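Shown next, in structure tokens, is the structure this report addresses.
Throughout, residue positions are numbered sequentially from 1 according to the sequence presented. Bear in mind that the values here come from a model prediction, so they are computed numbers and not experimental data. One-based numbering, in listed order, for ligands and for the atoms of each. What's counted below: heavy atoms across the whole structure, side chains too, no hydrogens, waters or symmetry copies.
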Amino acid sequence: MFRLISATSSPYARKVRIAQTEKALPFELITEVPWHNTTQTPKYNPLEKLPVLLTPDGDSIYESSYIFQYLELKYPDPPLLPPDIDGLLAARKLEVLCDGICDAFVLIFFERMRENGRSAVWLERQQRKIDNGLEELARLIGPRRWAVGDQLGLGDIATGRSCQRKLA
Ligand SMILES: N[C@@H](CCC(=O)N[C@@H](CS)C(=O)NCC(=O)O)C(=O)O
């Protein structure tokens, strides 16, 4: 059985949780805070970030886009990536944008944790990335039912717009 080391609010881990749920791959969810000194994350990921997927054969997979690709290649049914090159690139572009927006949120979170010396310029910079990134997402997706193509896929999952099943 898979085990997924995740943080409750992590948007990166949510992407993996939705992919596993859509592919009906059971997994045990292990919730951690990656910067607490009790975390087991460094044991499985030298970059000390979540999510980390522990596979049934004892491997550890990290970086949400890589985990997603791993799941798609190893468990292609149902497919969560478009079959055509343009569709695939469009879905990956949405993922890059969404992950970048989340990275900006994370940077704001850490900057706000500083007791002293918060940089207003840095906070504004990250906020700008979020605002412009969201605007670009809206432009790319528009009013379509599915972000790319005619079924649920990475574009929808990365933007957090859809999950067809109850999320594990
Ligand atoms: N690009 C990574 C980002 C993952 C990430 O930043 N995760 C956060 C939790 S939401 C984390 O583990 N941070 C700890 C750290 O940066 O040391 C991915 O997509 O998996």
Side-chain angles (χ1 to χ4, degrees), residues 2-23 25 27-75 79-82 88-115 117-119 122-134 136-137 140-141 147-148 152-163 167-168:
F2 283 105
R3 287 183 295 153
L4 179 67
I5 310 179
S6 160
T8 311
S9 56
S10 168
Y12 312 99
R14 186 197 56 226
K15 199 169 35 166
V16 175
R17 288 167 64 195
I18 295 177
Q20 289 197 268
T21 304
E22 288 296 328
K23 289 176 182 292
L25 295 170
F27 61 98
E28 179 194 346
L29 189 64
I30 301 166
T31 301
E32 293 212 344
V33 179
W35 46 87
H36 280 180
N37 55 17
T38 52
T39 182
Q40 56 177 331
T41 312
K43 187 171 153 195
Y44 297 109
N45 178 0
L47 306 176
E48 303 196 19
K49 290 184 180 189
L50 300 175
V52 177
L53 184 66
L54 305 175
T55 69
D57 56 8
D59 205 358
S60 63
I61 316 277
Y62 36 84
E63 183 65 37
S64 61
S65 57
Y66 181 73
I67 300 174
F68 192 96
Q69 186 176 22
Y70 170 96
L71 293 172
E72 187 70 5
L73 291 173
K74 294 260 193 190
Y75 305 92
L80 296 174
L81 286 173
L88 177 64
L89 291 173
R92 284 281 294 120
K93 183 171 185 174
L94 293 175
E95 183 183 35
V96 167
L97 263 174
C98 292
D99 283 357
I101 291 169
C102 292
D103 292 345
F105 269 113
V106 169
L107 290 172
I108 286 179
F109 173 79
F110 283 116
E111 192 66 17
R112 285 199 180 140
M113 286 209 328
R114 284 180 196 275
E115 299 271 313
R118 284 184 200 165
S119 164
W122 181 256
L123 288 170
E124 269 167 35
R125 178 176 171 77
Q126 304 315 322
Q127 187 62 52
R128 193 167 62 241
K129 294 183 200 181
I130 294 168
D131 295 343
N132 291 340
L134 288 173
E136 179 65 355
L137 273 183
L140 289 172
I141 298 175
V148 178
L152 177 110
L154 174 60
D156 308 287
I157 294 170
T159 51
R161 295 165 77 224
S162 304
C163 179
L167 189 57

For [atom], what is the closest protein heavy atom, and at what distance to 0.1 Å?
atom: atom 11 (C) of ligand 1; result: Pro34 CG, 3.7 Å
atom: atom 10 (S) of ligand 1; result: Ser10 OG, 3.4 Å
atom: atom 1 (N) of ligand 1; result: Glu63 OE2, 2.8 Å
atom: atom 15 (C) of ligand 1; result: Lys49 CG, 3.8 Å
atom: atom 6 (O) of ligand 1; result: Tyr12 CE1, 3.7 Å

For Leu50, is the nearest heavy atom under 4.0 Å from an atom of ligand 1?
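Yes, that is the case, since the closest heavy atom of the residue is under 4.0 Å from the ligand.
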Would you say Pro51 touches ligand 1, if touching means a heavy atom closer than 4.0 Å?
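Within the 4.0 Å threshold, so yes.
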Could you say whether the N/O atoms of Ser64 and ligand 1 ever approach to under 3.5 Å?
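By distance alone, the answer is yes.
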Can you find an N/O atom of Asp103 closer than 3.5 Å to an N/O atom of ligand 1?
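So ligand 1 has no N or O lying under 3.5 Å from an N or O of Asp103.
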For Phe110 and Trp35, I'd like to know if the aromatic rings sit close, meaning centre-to-centre distance below 6.0 Å.
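So the answer is yes for these two rings.
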Subset of ligand 1 atoms that lie under 4.0 Å from at least one heavy atom of Glu48
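Per the distance check, 14 (C), 15 (C), 17 (O).
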Are Glu63 and Lys49 ion-paired here, with the side-chain N under 4.0 Å from a carboxylate O?
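Between Lys49 and Glu63 there is no salt bridge, as every charged N stays at least 4.0 Å from the carboxylate O atoms.
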Check whether any side-chain heavy atom of [X] lies under 4.5 Å from a side-chain heavy atom of [Y], and answer yes or no.
X: Tyr62; Y: Leu50; result: no
X: Phe27; Y: Val16; result: no
X: Phe2; Y: Leu54; result: no

Are side-chain N/O atoms of Lys129 and Gln126 paired as donor and acceptor at under 3.5 Å?
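Yes.
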Which residues pass the salt bridge (charged side-chain N to carboxylate O under 4.0 Å, His left out) test with Glu124, sequence neighbours left out?
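Once residues adjacent in sequence are excluded, Glu124 has no partner under the salt bridge (charged side-chain N to carboxylate O under 4.0 Å, His left out) criterion.
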